[in-house]
**Student:** 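This is the structure I want to talk about, given as structure tokens.
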Amino acid sequence: MPRYDFKRIEPKWQAYWKQNETFKVESFEPGREKLYALDMFPYPSGSGLHVGHPEGYTATDIVCRYSRNQGKQVLHPMGWDAFGLPAEEYAIKTQTHPAVTTYKNIDEFRRQLQMLGFSYDWSREFATTDEDYYRWTQWIFLELFDTWYDAACEWTGPDGKQRTGRGRPISELPIPDNVQADGEEAVRRYQDSKRLAYQHEAPVNWCPALGTVLANEEIINGKSERGDHPVERFPLRQWMLRITSYADRLINELDDLNWSESIKDMQRNWIGRSTGAEVDFFVGDAAEFESWKTWRSEAGFSDDPGDDVLRVYTTRPDTLFGATYMVIAPEHSFVEKLTTPEQKAAVSAYVKQSSLKSDLDRTDLAKDKSGVFTGSYAINPVNGEKVPVWIADYVLVSYGTGAIMAVPAHDERDWEFAVKFDIPIVTVVSPANAEDGTRRRKDAKEAEAAEPLSDLAASREPTEVFSGKGVAVNSGKYDGIPTDEFKAKIAAELEAAGLGSEAVNFKLRDWLFSRQRYWGEPFPIWHELDADGNETGLMRVDAADELPVVLPEMEKFKPTGTPEPMLSTAPESWLFKTTEDGTKLKRETNTMPQWAGSCWYYLRFADPKNSDCFLDPEVEKNWLPVDLYVGGAEHAVLHLLYARFWHKVLFDRGHVSTCEPFHKLVNQGMILGEADSETGKAEKMSKSRGNVINPDDVVKDYGADALRLYEMFMGPLEQVKPWSMKGVEGVYRFLARVWRMITDEDADEIRLHPSVQEAELNEDQERVVHKTIKAVTEDIEKLSFNTAISRMMEFTNEFSPQAVRPKSAMETLTILLSPFAPHMAEELWQLLGHDNTLTFEPWPTFDESKIAEAEVEIPVQVNGKLKAKVKVPAGADNATIEEAAKQNSTVAGNLEGKTIVKVVVVPGRLVNFVVKG
RNA sequence: GGCCGAGUGGCGGAAUUGGCAGACGCACGGGACUUAAAAUCCCGAGACCUGAAUGGGUCGUGCGGGUUCGAGUCCCGCCUCGGCUACCA
């Protein structure tokens, strides 16, 4: 009668765990192995949990529950990434305070997660919007503000590793004498210019529809990632974080992490390190070129190139002789200076046009090169030749120096531009002895078109772009030198002549860290005002004990409609104050981006209630770093890069003892909607497609254990896979089979099945038990949960039909199953006669010797084709196996009349006869 | 265009260092139980050819080559799909 009744069992055990605080970790026990397993905490959206959430959450939960059975102390927390746009958009629509909706949504998310039986320590829960939490987010911001990056500093961290480059307190920043001489204000401004958190007037991505400025990362194809709205460029004073200072360490320190190589690659590509050289092209009066060169050879290459020099960045200084023109970005500061009167109209038209281009236009037109000639020429430092300077938007002002030397023969973009604008193309690298170069065939037509345009010697006219390595040609005395050697040689010579210098560049830009919205952390920053109420550019900070700077209560949440932050309409009492010395101050009105809260939440979980500091150093040493971090791949670059950056700053400043926050990272694959029955194709789940699966419905019909089990059984954790309700039914049937194997469904009350008896295991049963323990244990270690489940299914298939099912075997299975289906496991454990939760029961161990079978079946091949299988005693020697194989009638038939050339015997595996004739 | 990953039955997916391809599950077919259905239990099953037969044979892991006694797995060249990125000099 009592069937598998998850509706009774699941709430019962959830209540038990809650009441007994089963998963609460109070204090750290030194000497006991620890596991800190973390899920990427969710944004509590109004639509509730979707089935993608429990995928990663179940995976970490299995590891946590397994680890508790292994005797480890386990930290497994959950919280809410709760600042952000949707709550605010909803607030604008409904005039409800974002906090109201946020905390309502959190309640719903918490209910759903508890319904799934995750073993979180709920006593550590917090939201990034809690004042107790964002107080410390602001505090960390002040640390960033108080830090400058000393790139030359050599030091050894608490991890014992030696590094170059360290974030240090601003008080330790050396002040140059000339700055010191200019007085206190000059010193303050100098310090401000070196801080990791600094202000910068820059064209930002202004999204009128969202009423906010967005980071580059939040823009996809020129439109906002959220809402798909168009984005314009607009100059504004913004907060930036100097993440580029940490670019090298963010790349190098990836090496020791247990992350998939593909995620590491994504981060490396995003950071985009390249090495090359900066080279100065003289743009002053041509008659003064030689004297400039002489001066430079004495003065050397300096950070400030001066007004008469166009500085470029190139990864291929070996192609300097092929530079037939130069390009500066439309926003380059030299545009005006280099434009001749005749070109003025054309240039200003072009500059204006490209400033209006949105990022979307620039992307769309990526292949179609445009540009305009300035009328000016620069002088190539290596050969004294005059090269025209162009303006084109294919050169980005924000990368390198915003100016390039163009080598059309060896760069595809330059090639396209040169062909379009009739500019000479000179080959300076010959692929003849190419080391690893690749030839790229260009369209024959294009090549033809290029030819008559060139007035250079025929031998120099290429018909295709060659961007690989080779040997130098048409490069004067350097002819014949291989690319790499040439690069090093010319860089050194330029350096010596004061004309260039080796340089490194990154695609990574400094992080635009301010938003104009309400629902974010306020900055703990004040701007000094002059007598007229204008900002002087000098700043003060809130002291640590004045934090948090709480968001002001506001009536309306509508964005201002301009790039002006929402908080500029906050009450005056919040916005202004006067210091004791009489200085008037105005609050910073930007708020922090949503990333801020998620940059350090993993630290706070270790010490969530601490009101004296963001994290006690002792606690930090005990629990950090995170041993296992699971979440979606959409955070492969942004969140994971930002969090690593903050962590490194905290590391440099002595607040954390490891240089990396997340030791092992796993990205769960997306769960797609149910596959179409006709096409067999599965699509992303989305409201508009109507294929969203709600975990509540699944739990209602099949229970939380079935949902958990199904999500793990679908396939490898990291793989993208389609949902299947039939599949849920399948694992549900498995759970019901386990239930019937152990309990007596025919009885009126709940009791053990009569076949479950105190009995010794026979040899076969013992083998199945030990095989299953081994397989499940190893599979969990590998996070290969789908195969672990199939092993338990095999176990059940094996034991279910047996008339005597030894209790010990049933207990073993119950524990093995408990990380996956904890509710049912607890219920069965109780039925098997135990009073306590099985949470801390020792994990079963296996004995390899009990797995071995007495006889093994060995496949026999003839010429690599399977012909038969023979049984031999386990551990039989090669001769015995070979003899047994020959005895087999089918094999004998195949060998008859043929010569055995060779016999391959792999003990315990197979026999292969190689025959002729 | 660049970087990364993946292609295995009708479907999701298994397969130590190269060693029985298709575990486990879904769907399907047959049977038992039932007045019937559901549920449950048992049996079958990669495709094709062939035999009276318990059987025998051929093909088979995206395509084409290669290495090897032996390739889903390794090497070379392609194709397709997915993710990230996108004028980064």
Side-chain angles (χ1 to χ4, degrees), chain A residues 3 220-221 260-270 272-274 276 312-316 319 327 362-363 365-369 392-396 398-407 410-414 416-417 440 467 505-509 633-634 636-637 667 669-670 675 677 680 682 710 713-716 718-731 733-734 736-737 740 745 784 786-794 796-797 800-801 857-869 890 893 901-906 908-915:
Chain A
R3 310 183 103 189
I220 308 290
N221 288 332
S260 74
E261 274 309 311
S262 73
I263 297 289
K264 289 186 186 181
D265 273 343
M266 277 159 83
Q267 293 223 343
R268 290 187 191 109
N269 290 342
W270 187 268
R273 186 181 206 271
S274 77
V312 302
Y313 171 71
T314 177
T315 55
R316 292 293 299 269
T319 60
V327 183
R362 280 186 121 159
T363 309
L365 301 171
K367 294 232 163 71
D368 189 20
K369 295 281 177 292
D393 65 5
Y394 81 91
V395 170
L396 309 174
S398 50
Y399 183 78
T401 61
I404 63 158
M405 64 175 210
V407 185
H410 304 292
D411 181 282
E412 284 211 50
R413 297 150 301 184
D414 296 346
E416 284 169 23
F417 192 86
R440 297 219 181 100
S467 55
N505 261 296
F506 298 93
K507 286 197 226 176
L508 183 71
R509 308 291 151 81
E634 68 272 20
V637 276
N667 289 115
M670 203 186 349
S677 55
Y710 172 65
F713 188 61
M714 291 172 88
E718 299 187 64
Q719 197 164 301
V720 177
K721 36 207 181 276
W723 185 266
S724 159
M725 227 27 132
K726 287 284 184 192
V728 183
E729 234 171 276
V731 295
R733 278 204 283 267
F734 162 65
R737 266 162 67 80
R740 284 195 304 273
E745 227 176 46
S784 177
N786 54 332
T787 49
I789 293 166
S790 68
R791 295 309 197 134
M792 291 186 279
M793 288 172 167
E794 285 176 273
T796 308
N797 291 344
S800 283
E857 205 178 42
I858 296 205
V860 184
Q861 300 180 337
V862 176
N863 283 344
K865 289 192 175 169
L866 180 70
K867 294 296 171 188
K869 292 174 189 177
T890 314
V901 181
K902 190 176 172 187
V903 182
V904 181
V905 182
V906 184
R909 283 246 162 249
L910 63 52
V911 184
N912 187 14
F913 294 98
V914 187
V915 300

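As the structure is a computational prediction, the values presented were derived from the model and not from experiment. Note on naming: letters A, B, ... go to the chains in the order of the sequence lines (proteins, then strands), and numbering restarts at 1 for each one.
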**Student:** Within the structure, does a side-chain N or O atom of Lys721(A) lie under 4.0 Å from either OP1 or OP2 of G12(B)?
**Tutor:**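 No.
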**Student:** Using the ring of Tyr394(A) (Phe, Tyr or Trp, six-membered ring only), decide whether Lys369(A) places NZ or CZ under 6.0 Å from its centre and within 45 degrees of its axis.
**Tutor:**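 Pair Lys369(A)/Tyr394(A) counts as cation-pi.
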**Student:** Does Arg909(A) have a side-chain nitrogen or oxygen under 4.0 Å from the phosphate oxygens OP1 or OP2 of A15(B)?
**Tutor:**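 No, because none of the side-chain N or O atoms of Arg909(A) sits under 4.0 Å from OP1 or OP2 of A15(B).
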**Student:** CZ of Arg273(A) versus C1' of U85(B): gap in Å, rounded?
**Tutor:**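 Rounding to the nearest Å, CZ of Arg273(A) and C1' of U85(B) are 20 Å apart.
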**Student:** Between G25(B), A89(B), C87(B), spot the one nearest the side chain of Tyr399(A), thanks.
**Tutor:**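 Looking only at heavy atoms from C-beta outward on Tyr399(A), the closest nucleotide is A89(B).
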**Student:** State whether Gln861(A) places a side-chain N or O below 4.0 Å from either non-bridging phosphate oxygen (OP1 or OP2) of C69(B).
**Tutor:**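 No.
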**Student:** Between C33(B) and G18(B), how far apart are the C1' atoms? Round to whole Å, please.
**Tutor:**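 Approximately 49 Å lies between the C1' atom of G18(B) and that of C33(B).
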**Student:** Side chain of Ile404(A) only, please: which of C24(B), A89(B), C87(B) is the nearest?
**Tutor:**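 For Ile404(A), the side-chain atoms sit closest to A89(B).
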**Student:** Classify the nucleic acid contact of Ser262(A) as base, sugar-phosphate or nothing, counting any heavy atom under 4.0 Å across all strands shown.
**Tutor:**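 Ser262(A): backbone/sugar contact only, no base atoms under 4.0 Å.
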**Student:** Can you tell me if Asp411(A) uses its side chain to pair, donor with acceptor, with the backbone of Ala406(A) under 3.5 Å?
**Tutor:**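 No; judged by distance alone, with no hydrogens or angles, the pair does not exist.
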**Student:** Are any of Asn797(A)'s side-chain N or O atoms less than 4.0 Å away from OP1 or OP2 of G25(B)?
**Tutor:**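 Result: yes.
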**Student:** What distance, rounded to whole Å, do you find between the two C1' atoms, one in G1(B) and one in U8(B)?
**Tutor:**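 Nearest-Å result for G1(B) against U8(B) at atom C1': 31 Å.
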**Student:** Is any side-chain nitrogen or oxygen of Lys865(A) closer than 4.0 Å to OP1 or OP2 of G60(B)?
**Tutor:**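 It does not, given that no N or O in the side chain of Lys865(A) lies less than 4.0 Å from OP1 or OP2 of G60(B).
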**Student:** Which nucleotide in the set C41(B), A14(B), C84(B) lies at the smallest distance from any side-chain heavy atom of Met266(A)?
**Tutor:**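 In terms of side-chain proximity for Met266(A), the closest of C41(B), A14(B), C84(B) is C84(B).
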**Student:** Heavy atoms only, 4.0 Å cut-off, all strands: where does Gly727(A) land among base, sugar-phosphate and nothing?
**Tutor:**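 If one applies the 4.0 Å heavy-atom cut-off, Gly727(A) turns out to touch nothing in the nucleic acid.
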**Student:** Which dot-bracket string fits RNA chain B when only Watson-Crick or G-U wobble pairs with both atom distances under 3.5 Å count, crossing pairs get [ ], and | stands for a partner on a different strand?
**Tutor:** (((((((..(((......[....))).(((((.......))))).(((((....)))))..(((((..]....))))))))))))....
**Student:** Let me know, please, whether Lys869(A) or Thr314(A) comes out on the 5' side of the other along RNA chain B by nearest nucleotide.
**Tutor:**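 Taking each residue's closest nucleotide, the earlier one in sequence belongs to Lys869(A).
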**Student:** Just N and O in the side chain of Arg268(A): are any of them under 4.0 Å from OP1 or OP2 of C4(B)?
**Tutor:**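 Result: no.
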**Student:** If you pin Asn863(A) and Arg740(A) to their nearest nucleotides in RNA chain B, which one's is more 5'?
**Tutor:**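 Going by which nucleotide is closer to the 5' end, it is Arg740(A).
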**Student:** Would you say a side-chain N or O of Asn912(A) is under 4.0 Å from OP1 or OP2 of G19(B)?
**Tutor:**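 No, Asn912(A) has no side-chain N/O under 4.0 Å of OP1/OP2 on G19(B).
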**Student:** With a 4.5 Å cut-off on side-chain heavy atoms, are Val904(A) and Gln861(A) touching?
**Tutor:**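 Heavy-atom side-chain distance check fails, nothing below 4.5 Å.
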**Student:** Pick the P atom in C87(B) and in U80(B), then give their distance to the nearest Å.
**Tutor:**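 That atom pair is separated by 25 Å.
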